[in-house]
Amino acid sequence: MEIRVYNTLTNRKEPLAPLVEGKFGMYVCGPTVYDMSHVGHARVYVTFDVVARFLRFAGRQVTYVRNYTDVDDKIIRRAQETGVAPAEVSERFIREFIADMQSLGVAPADVEPKVTEHIPEIVGLIEKIIARGLAYPAGGDVYFAVREFSGYGKLSKRNLDDLEAGARVEPGDLKRDPLDFALWKAAKPGEPSWDSPWGKGRPGWHIECSAMSAKYLGETFDIHAGGKDLIFPHHENEIAQSEAASGKPFARYWLHNGFVQIDNEKMSKSLGNFFTIREVLQKFEAEALRYFLLGTHYRNPINFSDLALADAERRVDYIYETLAKVDERLAGRQVTPGALVEQEQVEKVLPAFSEAMADDFNAAEALGGLANAFALMNALCEKPPTKDKAAVVRTLARLRDEVRAIGAVLGLFNQPPGEFLLRRREKKAAAKGIDGARVEQLINDRGEARKAKDFAAADRVRDELKAMGVEIMDTPAGTTWKVP
RNA sequence: GGCGCCAUCGCCAAGUGGUAAGGCAAGGGUCUGCAAAAUCCUCAUCCCCAGUUCGAGUCUGGGUGGCGCCUCCA
């Protein structure tokens with residue numbers, strides 16, 4: 001299967017061909033751990049989690065590296081504000097990040113390196129760049145000489161003179177040129193620092209990714225990804241540093257996800273219009289957030305709203321309700337080989353999924369294509385179009401297995417459906433102060449009334465339940481209830 | 001000012017130049033004692049103008065509107 005990706009470097013979709021056949025090195029810029037992660041972060045890590053999963057599903061080997069930037073201005077500032085050590089700040093938010101990722105079903109990367117554990121590599125890399133004449137020490141800092149690097153701007157499609165106009169020069173800066181940026185920053189009193197040939201100091205913002213990606217993936221590797229806002233300057237600078245040091249091409253495919261927006265504006269710290277993952281998960285199922293994020297192609301902006309989340313949550317409920325029904329239907333049944341109901345349609349489910357995903361990881365299209373499969377499962381459970389029970393069972397089993405396999409790639413629908421639904425109901429019931437035992441009692445009463453054909457009484461009970469916020473469903477197996 | 005992105009049904013949203021997926025909402029049917037759930041059916045010619053083409057939502061040019069990066073930002 002040919003996989004095509006949109007490469008920011010070339011501004012077009014191209015076949016994804018790794019350096020080494022069948023093996024991918026992939027680096028995603030991880031969080032700077034100075035605060036709780038918000039929905040924008042969730043999008044990045046969910047997106048590229050799915051990318052890694054799909055590549056593996058498609059038979060490729062993937063080495064996935066996702067770093068923690070655990071030394072940085074913002075961490076230091078936060079530490080000073082809160083009166084704790086910077087390392088304490090970063091450790092705490094790494095823990096919080098891990099918890100959020102777990103909630104969202106984001107699998108850990110293969111390597112999750114920290115900047116503070118790679119200072120020697122960083123220093124070594126800077127020395128290499130200096131030796132090649134593309135960086136210079138100045139008063140304990142080291143700067144990258146942007147104008148000495150001929151490819152600068154190739155990722156963000158900028159030219160140096162345009163950049164010059166907007167370049168920031170701070171008082172006390174020792175840059176030779178306003179475009180230059182720091183590879184190493186001399187330590188100020190009270191800041192975390194490490195020994196280096198230029199005195200005590202710490203790494204600049206971009207160098208860590210150059211150093212750590214080279215260490216774990218090599219000087220040239222396949223995929224480098226992150227949010228669109230990292231294209232400039234972060235990724236542009238990484239390219240400059242890495243290629244200056246090695247003389248070789250850096251990452252070959254650059255993937256960038258679009259922003260999460262609120263009211264059509266970028267969700268960001270500086271605008272203050274963000275929701276942390278934690279906040280969202282208090283209101284909605286984690287899987288609903290994940291479903292929502294995957295429902296729009298990763299490169300497009302996605303507008304965050306309660307309405308959209310509620311939609312996604314309803315859809316996730318529907319899917320688990322369907323799967324639960326199927327599980328119930330298949331319980332204790334033997335699956336025999338033979339023809340399927342709607343064979344053609346059923347056989348298309350998996351290929352359609354793969355095709356959608358192989359086209360620049362179009363999870364939104366993939367999800368759309370699944371609608372059919374769920375509708376068919378429901379139909380087969382309730383009103384099968386055939387009397388051939390063995391074929392129905394066979395088809396249901398097949399669809400369920402494929403949906404599960406697809407779910408494993410998307411990181412969705414993999415909880416035991418029964419447990420998921422029960423947990424959902426308990427949560428919602430608790431929120432509304434509904435007493436489960438009381439509900440069961442009323443359902444029993446209503447059952448009696450129905451048995452006695454006293455439908456007026458039965459309907460009164462249902463109205464009572466409805467007033468409590470409980471919806472009941474009569475099924476062949478008995479009456480069930482839920483909190484809508 | 002420079003660079004880039006986006007504009008598809010009431011809402012969300014996919015769409016390799018070949019005749020508009022899917023979800024929600026809405027309307028109608030089936031099922032049901034009545035419901036709910038489920039299922040089936042119905043429901044758009046793609047911001048505007050011009051062009052290229054046998055053929056354009058999809059390419060080109062020009063508008064209009066929105067967003068982003070150029071400073072920390074996923």
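Side-chain atoms are counted along with the backbone in the values below, which use heavy atoms only and exclude waters and symmetry mates. If you're wondering where the values come from, they're calculated on a predicted model, not measured in any experiment. Residue numbering restarts at 1 for every chain, and letters A, B, ... go by the order of the sequence lines.
Here C70(B) is the nucleotide among G33(B), C72(B), C70(B) with the atom lying nearest to any side-chain atom of Phe232(A). Nearest nucleotide to the Met473(A) side chain, out of G33(B), A37(B), A74(B): A37(B). Of all nucleotides listed (A35(B), U16(B), A74(B)), U16(B) comes nearest to the side chain of Lys13(A). The listed nucleotides are C70(B), A74(B), A14(B); the one nearest the side chain of Phe259(A) is A74(B). Set against U39(B), A74(B), G33(B), the side chain of His38(A) has A74(B) as its closest nucleotide. The side chain of Thr296(A) lies closest to A13(B) when the candidates are C40(B), A13(B), C70(B). Among the nucleotides C69(B), A38(B), G15(B), the one closest to any side-chain atom of Glu365(A) is G15(B). Of all nucleotides listed (C69(B), G33(B), A37(B)), G33(B) comes nearest to the side chain of Phe455(A).
If you check C5(B) for Watson-Crick or wobble pairing at under 3.5 angstrom, you find it paired to G66(B). Taking a pair to require two hydrogen-bonding distances under 3.5 Å in either a Watson-Crick or a G-U wobble arrangement, G27(B) pairs with C41(B).
Residues Glu238(A) and Ser210(A) bring no donor and acceptor atom of their side chains to less than 3.5 Å of each other.
Across all strands, His256(A) comes closer than 4.0 Å to no nucleic acid atom at all (heavy-atom distances). As judged by a 4.0 angstrom heavy-atom cut-off over every strand, Arg446(A) is placed among the base-contacting residues. Among the protein residues, Ser268(A) comes within range of the nucleic acid bases, having at least one heavy atom under 4.0 Å from a base atom.
You'll find a donor-acceptor pair under 3.5 Å spanning the side chain of Lys383(A) and the base of U30(B), going by distance alone. Taking 3.5 Å as the limit, the base of G33(B) and the side chain of Asp459(A) contain a donor-acceptor pair of atoms between them.
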Every protein N/O lying under 3.5 Å from an N/O of nucleotides 22-24 of chain B:
from: G23(B); atom 1: O3'; to: Arg315(A); atom 2: NH1; distance (Å): 3.4

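When the options Val260(A), Thr276(A), Val46(A) are evaluated for a side-chain contact (heavy atoms from CB on, under 4.5 Å) with Val39(A), the one that passes is Val260(A). With Val142(A) as the partner, the side-chain contact (heavy atoms from CB on, under 4.5 Å) test is satisfied by one option alone out of Asp180(A), Leu183(A), Ile207(A), Leu174(A): Leu183(A).
The distance from atom CZ of Arg158(A) to atom P of G4(B) is 9 Å, rounded to the nearest whole Å. To the nearest angstrom, P of C69(B) lies 10 Å from CD of Glu265(A). Distance Asn273(A) CG to G68(B) P: 9 Å, rounded to the nearest Å. One atom, NZ of Lys228(A), and another, C1' of C67(B), lie 11 Å apart when rounded to the nearest Å.
Nucleotides G33(B) and A7(B) have their P atoms positioned 49 Å apart, rounded to a whole Å. C5(B) sits 28 Å from G10(B) when the P atoms are compared, rounded to a whole Å. Straight-line distance between the P atoms of U30(B) and A36(B): roughly 14 Å, to the nearest whole Å. Comparing the same atom, P, in C73(B) and in A20(B) gives a spacing of 45 Å after rounding to whole Å. Nucleotides A25(B) and C31(B) have their C1' atoms positioned 23 Å apart, rounded to a whole Å. Annotation: C47(B) and A56(B) have their C1' atoms spaced 16 Å apart (nearest Å).
Among residues two or more places apart in sequence or in another chain, the ring-ring contact (aromatic ring centres under 6.0 Å, His included) test is passed with Phe420(A) by Tyr320(A).
OP1 or OP2 of C69(B) has at least one side-chain nitrogen or oxygen of Lys266(A) nearer than 4.0 Å. Look at Asn362(A) and you'll find a side-chain N or O under 4.0 angstrom from OP1 or OP2 of G15(B). Between U39(B) and Asn378(A), a contact under 4.0 Å exists linking OP1 or OP2 to a side-chain N or O. Remark: Asn303(A) is not in phosphate contact with C11(B), judged by side-chain N or O atoms under 4.0 Å from OP1 or OP2.
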- Task: Quick one: do Lys325(A) and Asn378(A) satisfy side-chain hydrogen bond (donor to acceptor under 3.5 Å, both in side chains)? Show the steps, please.
- Result: CA-CA 8 Å; Lys325(A) 231 184 276 181; Asn378(A) 273 304; 2.7 Å; yes
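Relative ring orientation between Tyr318(A) and Phe374(A) is described as perpendicular, the plane-to-plane angle rising above 60° on a 0-90° scale split at 30° and 60°.
Remark: Arg66(A) CZ to Tyr27(A) OH distance equals 11.0 Å, nearest 0.5 Å.
In this structure, His235(A) and Ile239(A) have side chains that are not in contact, with every pair of non-hydrogen atoms separated by 4.5 Å or more.
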